[in-house]
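Beneath this line is the structure, given in structure tokens, with notes to follow.
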Amino acid sequence: MVEKKVTVKLKTGLQARPAALFVQEANRFTADIFLEKDGKKVNAKSIMGLMSLAVGVGTTVNLIADGKDEEEALSMLSEYIQNEA
Amino acid sequence: MPKVRTKDIIEKFNLELISGEEGINRPITTSDLSRPALEMAGYFEYYPAERVQLLGKTELTFIEKLSPKDKEFRLDQLCTDLTPAIIVTRDMEIPEGLIEASERESVPIMRSGQKTTRLASHLTNYLESKLAPTTAIHGVLVDIYGIGVLITGKSGVGKSETALELVKRGHRLVADDCVEIRQEDQDTLVGTSPELIEHLLEIRGLGIINVMTLFGAGAVRTHKRISLNIDLELWDKNKTYDRLGLEEDKLKIIDTDITKLTVPVRPGRNLAVIIEVAAMNFRLKRMGVNAAEQFSNRLADVIEDGEHEDI
């Protein structure tokens, strides 16, 4: 299991569209991926759970991955939410 | 992050804030309350300062009888930097000296029109439910014939689709995708939806739909006690699934065990009907009728009879 603290730099935060993209990316990996904010942990492969956290720009979240391709998943997803575009 | 602050109980119980306004953001960490009667008599050895303090008629009339010196000293002791709230009940007068003491330590003093015992029981109930241990689970919670069924399984296995079919059949959706669970007391798990995604379902190909506006208020509910877990998984040829229903699997959430059934998913299997029947069968078992066990006993009897005939 690997864990990484990431600060969200996406301008709109994880708004509906970016969240959908994030989930789509997450679903390409076989590892179980979770995102944690303020002690609330949700499955990063589920869009509703992710959106229920209402992650804004500048928030620090904890990304957790567990499985065969965990390292890859973590670097890919953290790069995505740290992207400013 | 504290779950309850003094201002929450002011709002919830309509309390009149008398003084110590700076302290209304203090956290309340325990559901225990304190009626500081012995403290008013001068015994502060075990004063539970972190609890909400209730001053009722008995305490207040006693305070009035104290000498001015004792009164000042004890009321001062009552207000600490930990005390989340001091509530005066029955709309009684606030004792002189308490307001000054409370402003010094910024302890909120509130007043309520209710009787002390009544307020105490309401407060305890409220605090217990707010301070209960919580967790969040990836799954869907549906109320089926009055049984709270938590449907779990990997992403994309068809949880939301099954929930939609269940709603169409007249059952009620509580939460989709992310279920917040509170353990209210031993053995009671209550599930709710995160506020932001209440009433919503996400269906691949359709997107987000609102179950309440589509199906009406009867198709949703805000919270439900969880009694049964149905775990959906893709049919695994190498795994043996329960054929009899004699054994019971359990899922542990916080400290509570709930019955768990693993249902394999395969095209052509109508999951909504299977889950509906599982809920009905679960109710039947709770009423004392266990079809699998009855059958097993009958079979044992017949086998035994056969053996006797052979002799």
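In the text below, chain A, chain B and the rest are named by the order of the sequence lines, each starting its count at 1. Here the structure is a predicted model, which means the values were calculated and not measured.
Dense packing is recorded around NZ of B:Lys250, with more than 12 heavy atoms of other residues, nucleotides or ligands lying under 6.0 Å away. The number of heavy atoms from other shown groups lying within 6.0 Å of CD (B:Glu21) does not exceed 12. Within a 6.0 Å sphere centred on CD of A:Gln82, other residues, nucleotides and ligands contribute more than 12 heavy atoms. Annotation: B:Lys252, atom NZ; neighbour count of heavy atoms from other residues, nucleotides and ligands within 6.0 Å is above 12. Atom NE2 of B:His223 has 12 or fewer neighbouring heavy atoms from other residues, nucleotides or ligands inside a 6.0 Å radius. Atom NZ of B:Lys168 is surrounded by 12 or fewer heavy atoms from other residues, nucleotides or ligands within 6.0 Å.
Here the CG-OG distance, from A:Asn43 to B:Ser155, works out to 5.5 Å after rounding to the nearest 0.5 Å.
Counting heavy-atom pairs under 4.5 Å between each of B:Asp176, B:Thr134, B:Ile197 and chain A puts B:Ile197 at the top.
Using a 4.5 Å cut-off between heavy atoms, B:Glu180 touches chain A through its side chain atoms alone. For B:Leu201, the part lying under 4.5 angstrom from a heavy atom of chain A is the backbone only.
Contacts between residues 44-55 of chain A and chain B, defined by a heavy-atom separation under 4.5 Å, are made by A:Lys45, A:Ser46, A:Ile47, A:Met48, A:Gly49, A:Met51, A:Ser52, A:Ala54.
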Legend entry - Test side chain to side chain contact (heavy atoms under 4.5 Å, CB included) applied to B:Lys154 and A:Asp32, step by step: CA-CA 9 Å; B:Lys154 284 230 182 306; A:Asp32 289 323; 3.9 Å; yes
